[in-house]
Each structure stands twice: as C-alpha cells, then as structure tokens.
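First comes the structure, then the notes that go with it.
In this chain, residues are counted from 1 in sequence order. Since this is a predicted model, take the numbers as computed values, not measurements.
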Amino acid sequence: MQSIKAVEDPMVSRSYSRRAVTFSPTGDAWGFNGTLRYCFEHDYSFAASLIVYGSGRVRYGLDQDKNGIAEDGQGREITCTN
C-alpha cells in the first residue's frame with residue numbers, strides 16, 4: 001500500500017466524504033467512493049471537486065448550472081468550511 005500525504009497550505013482546505021481512498025490492484029475503489037473537495041479561502045470561484053467512483057474512475061466535478069461553483073457527484077454545489 002502506498003500513501004500520499006496532502007500538501008499543507010493554510011489557504012486551502014480539503015475534505016473527503018471518507019477517511020481515505022484505497023484502490024485495489026485491479027484499479028477499483030469499492031467502498032471508497034466519494035467527493036474530494038478543495039476549497040480556497042474566501043473564493044468559491046477557485047473551489048474544485050474530484051469525484052471517486054467505486055469502479056476506480058475519477059473525474060472533476062463540473063459546474064453544470066454555470067453559477068461558478070463546482071458540484072459533487074450528486075449535482076449538489078460543493079460547500080467550503082474554512
């Protein structure tokens with residue numbers, strides 16, 4: 001197993017709906033699906049999300065409604081708590 005430590009930056013907050021992401025040797029992540037949120041202090045226009053599927057697929061959260069805030073895998077706007 002390999003772990004990658006997050007880069008520390010006081011202007012950036014990160015949250016994930018699970019404790020960790022673990023990919024199996026075949027590339028799936030069953031049981032670890034969720035949304036990883038990156039938030040930049042006081043500026044939602046730079047907030048971003050990565051959505052991890054159980055199949056192992058990872059994609060960027062999109063701004064489907066074009067209001068400047070990315071959404072999670074269920075289409076909800078990501079929220080930032082700094």
Side-chain angles (χ1 to χ4, degrees):
M1 178 190 277
Q2 180 181 10
S3 295
I4 301 171
K5 187 171 172 58
V7 175
E8 296 297 326
D9 183 334
M11 297 293 289
V12 178
S13 66
R14 293 168 294 280
S15 65
Y16 187 59
S17 52
R18 308 259 185 224
R19 189 177 182 293
V21 179
T22 301
F23 294 93
S24 76
T26 59
D28 64 67
W30 299 113
F32 297 95
N33 57 305
T35 300
L36 176 63
R37 294 167 178 82
Y38 283 89
C39 297
F40 298 86
E41 190 173 314
H42 308 299
D43 195 343
Y44 272 94
S45 64
F46 290 109
S49 62
L50 292 174
I51 299 157
V52 180
Y53 293 91
S55 64
R57 178 177 171 236
V58 178
R59 72 169 177 88
Y60 286 110
L62 302 174
D63 178 15
Q64 297 284 355
D65 59 7
K66 307 290 185 224
N67 70 346
I69 302 172
E71 288 106 27
D72 65 14
Q74 284 74 45
R76 298 175 299 219
E77 292 179 353
I78 62 169
T79 56
C80 298
T81 54
N82 289 1

Check against side chain to side chain contact (heavy atoms under 4.5 Å, CB included), L50 and Y60: CA-CA 5 Å; L50 292 174; Y60 286 110; 3.5 Å; yes
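Here the CD1 atom belonging to I51 is positioned 8.5 Å from the CZ atom belonging to R57, to the nearest 0.5 angstrom. Atom OG1 of T35 is separated from atom OH of Y53 by 8.0 Å, given to the nearest 0.5 angstrom.
Shortest non-hydrogen contact noted between V52 and A29 is CG1-CB, 4.3 Å. I78 and I69 make their closest contact through O-CG2, 3.8 Å (heavy atoms, listed as atom of the first residue, atom of the second, distance).
Distance alone, capped at 3.5 Å, is enough to place a donor-acceptor pair between the S49 side chain and the E71 backbone.
Hydrophobic clustering (side-chain heavy atoms under 4.5 Å, transitive across Ile, Leu, Val, Met, Phe, Trp, Tyr) keeps F32 apart from W30.
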